Amino acid sequence: MFPIIPKPRNIELKDGEGRLTRDDSGGANYEYVYDPDIPYEGYSLKTEGTHTVLRASSEAGAFYGETTLNVLDDMTGGAPGAFFVSDSPAYGYRAYMLDVARYFFDTDVVMKHIDYMALLKLNVLHLHLTDDQGWRVEIKKYPRLTEVGSHRRRTHIRFKAHCGYYTQEELKKIVAYAHARHIKVVPEIDFPGHFQAAIAAYPELGCCGEGLRVAENFGVKFDVACIGNPVVIEFMKDVLSELIPIFTDEYFHIGGDEVPFRRWEKCPKCLALKKSLGADSWHRVQAHVVNELADFLAEHGKTTITWNESEPTGVQNKNIVWQYWQGGLSEEKLAHEINEGRRVIMSPGEPFYLDLPYSINNVARMRAYKLVPDGVTAAENIIGVEFPLWTELVPDEKQADKMLFPRLMAGAEIAWRGSADTDIEERFGRYLAVLKRMGAKISEFKKEPRGFMKILDRIWWFRRQLYWGAVPNLIRNIKVDKILKKRNGQLKSDD
Ligand code: ACM
Ligand code: ZN
């Protein structure tokens, strides 16, 4: 068996001997040959006797060839036998997302996750940097974002205060570390929803920011950015302007998911914007501001990504890449959008979210998922695949590693090959020692629970609804309704 994950696309095992020798730094020796016929990120390896040749046309391809060789060397004690491998990825965008907003993971942990990604040939790290429960990135023009927005008074797991953020210098370090491993970094500033930490820091960013704290519980919050206030768009442009020189790769993510329109419906500024645009729905108003930010990013050479439900078909700028997570969008509508030219990253919550319990998102379900929805005729617009780890219920590295492994390995194979091979689970075992040596906090791989344990696992997951924030949302709503009603009244009498 060739134990590598992701499994190379073509493997020929040959008769005869194949042994690897090592250089002074412990890496396997090979002869490098530049070969322009090999696809970008692809490579070939040929080992016969004690001679190995690695061919590639790009530095990334050479890096992946070397990774395959070194893992093979490690797992076979330097005697993999004679073989020929030729390999290249099915998708150019092979991503993993870490939500550092709900719980903060420091620079060292992020770099460790980058190491895991490199081992598995994933090439995009999506950092979910801001949310209702925390703003995790230093913005020099708005110091309160981290002074206030990075502190949560208590969490629902340990009932303790939680805080943390990355300085811009730390983010530069993360980006450089990722680049050295051929990994791009996509920052996400979630907007206009999941924005409560920013409003807590600067109340004028909300339709009614009075008395709002960084969220302590989870779920979808009603207090979103006041898109009718020009100050908010300027704020977003200022934030993006500070991040553009740090995140030097092509893509920027500006969220767009789970935006309730409740505040906008009662906010004079938002109502005025809707009227001035002649918009027949709040979706259109949201599309207008998202398009403005996407145009701003495009002027700086960036491509914008948003979660899929941020706009309905036909309204949003076609250059914006959608990250499909579901968000109320049927696969039929998704297929239509893809065929119309929308580029899409596939990260369906079920089965690709790595925070869901193993009883729901297991390897078998991940393997069975069809990456190209029925009805898609322009599959080339599916640029890649992503596996997000949301951290509402993942307070530390240990829990993160439990949720990641073994599923991230299956994910990496899906991203690389377009599907995970039938023997993927048999190949997990040998990676345990490798991951542990890299510092993973696991003693064994998590298994899918069976029987009664499966039911318990699901109950454990659904219990989160109990503290997902519905009641605090409703209580605050009564207060905000009163304030906004008073303001609307004042507005009418001022007219
Ligand atoms: C999401 O899961 N709200 C993108
Ligand atoms: Zn507003």
Side-chain angles (χ1 to χ4, degrees), residues 95 97-99 101-102 126-133 186 188-196 198-199 202-210 212 215 218-236 253-277 279 282 285-286 288-289 305-311 321-329 334 344-356 360-361 386-394 461 464 468-469 480-481 483-485 487-488 491:
M97 188 202 87
L98 180 62
D99 168 8
R102 271 54 179 270
H126 170 182
L127 286 176
H128 183 76
L129 288 167
T130 65
D131 213 300
D132 300 309
Q133 295 79 12
V186 177
E188 181 185 352
I189 303 298
D190 207 342
F191 172 87
H194 291 282
F195 201 66
Q196 187 168 321
I199 304 171
Y202 293 97
E204 63 273 25
L205 298 176
C207 299
C208 177
E210 285 168 37
L212 201 61
F218 303 111
V220 176
K221 304 291 171 207
F222 296 155
D223 289 284
V224 301
C226 177
I227 54 171
N229 186 349
V231 160
V232 170
I233 307 303
E234 285 317 304
F235 166 86
M236 279 301 286
H253 203 309
I254 50 168
D257 59 320
E258 298 182 316
V259 186
F261 301 144
R262 245 189 144 99
R263 297 284 181 263
W264 298 347
E265 279 160 2
K266 304 223 169 114
C267 167
K269 293 192 178 91
C270 291
L271 285 164
L273 176 65
K274 187 171 185 233
K275 197 168 164 198
S276 74
L277 293 172
W282 287 109
V285 188
Q286 187 178 335
H288 171 80
V289 291
I305 305 176
T306 66
W307 297 101
N308 67 254
E309 88 274 54
S310 62
E311 306 312 329
V321 174
W322 273 6
Q323 180 166 1
Y324 176 69
W325 73 282
Q326 216 274 341
L329 184 77
L334 176 68
V344 166
I345 299 153
M346 297 299 285
S347 70
E350 289 187 34
F352 286 176
Y353 277 12
L354 300 171
D355 54 312
L356 265 71
I360 300 176
N361 284 355
E386 181 165 321
F387 301 90
L389 180 66
W390 297 100
T391 59
E392 287 101 334
L393 302 178
V394 181
W461 172 249
R464 83 203 157 112
W468 217 238
V480 174
D481 272 355
I483 297 171
L484 289 178
K485 206 165 162 188
R487 277 198 210 157
N488 280 344
L491 204 80

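Numbers for residues simply follow the sequence, beginning at 1. Keep in mind that this is a model prediction, so the values were computed, not measured. Counting starts at 1 for both ligands and their atoms, following the listed order. Computation of the quantities below employed the complete heavy-atom set of this structure, encompassing side-chain atoms and omitting hydrogens, waters and symmetry-equivalent molecules.
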May I ask you to list the atoms of ligand 1 that are less than 4.0 angstrom from any heavy atom of Y353?
1 (C), 2 (O), 4 (C)
Give yes if a backbone or side-chain nitrogen or oxygen of D257 is under 3.5 Å from a nitrogen or oxygen of ligand 1, and no if not.
yes
Measure up the W325 and Y353 rings against each other and bin them: parallel (under 30°), tilted (30 to 60°), perpendicular (over 60°).
parallel
Could you check whether any side-chain heavy atom of W264 comes within less than 4.5 Å of a side-chain heavy atom of K274, counting everything from C-beta outward?
no
Please give me the protein atoms (N, O or S only) lying under 2.8 Å from the Zn ion (ligand 2), ordered by chain and number.
C207 SG, C226 SG, C267 SG, C270 SG
Between W325 and ligand 1, does any nitrogen or oxygen pair lie at a separation below 3.5 Å?
no
Kindly assign one of parallel, tilted or perpendicular to the pair F195 and F235, based on the angle between their ring planes and the thresholds 30° and 60°.
perpendicular
What heavy-atom pair brings C207 and R487 nearest, and what distance separates the two atoms?
O-NH1, 2.9 Å
When you compare the side chain of F191 with that of V232, does any pair of heavy atoms fall below 4.5 Å?
yes
Are S347 and W307 packed together at the side-chain level, in the sense that at least one heavy-atom pair is separated by less than 4.5 angstrom?
yes
Heavy-atom nearest pair, A198 first then L205, reads O-CD1, 3.8 Å
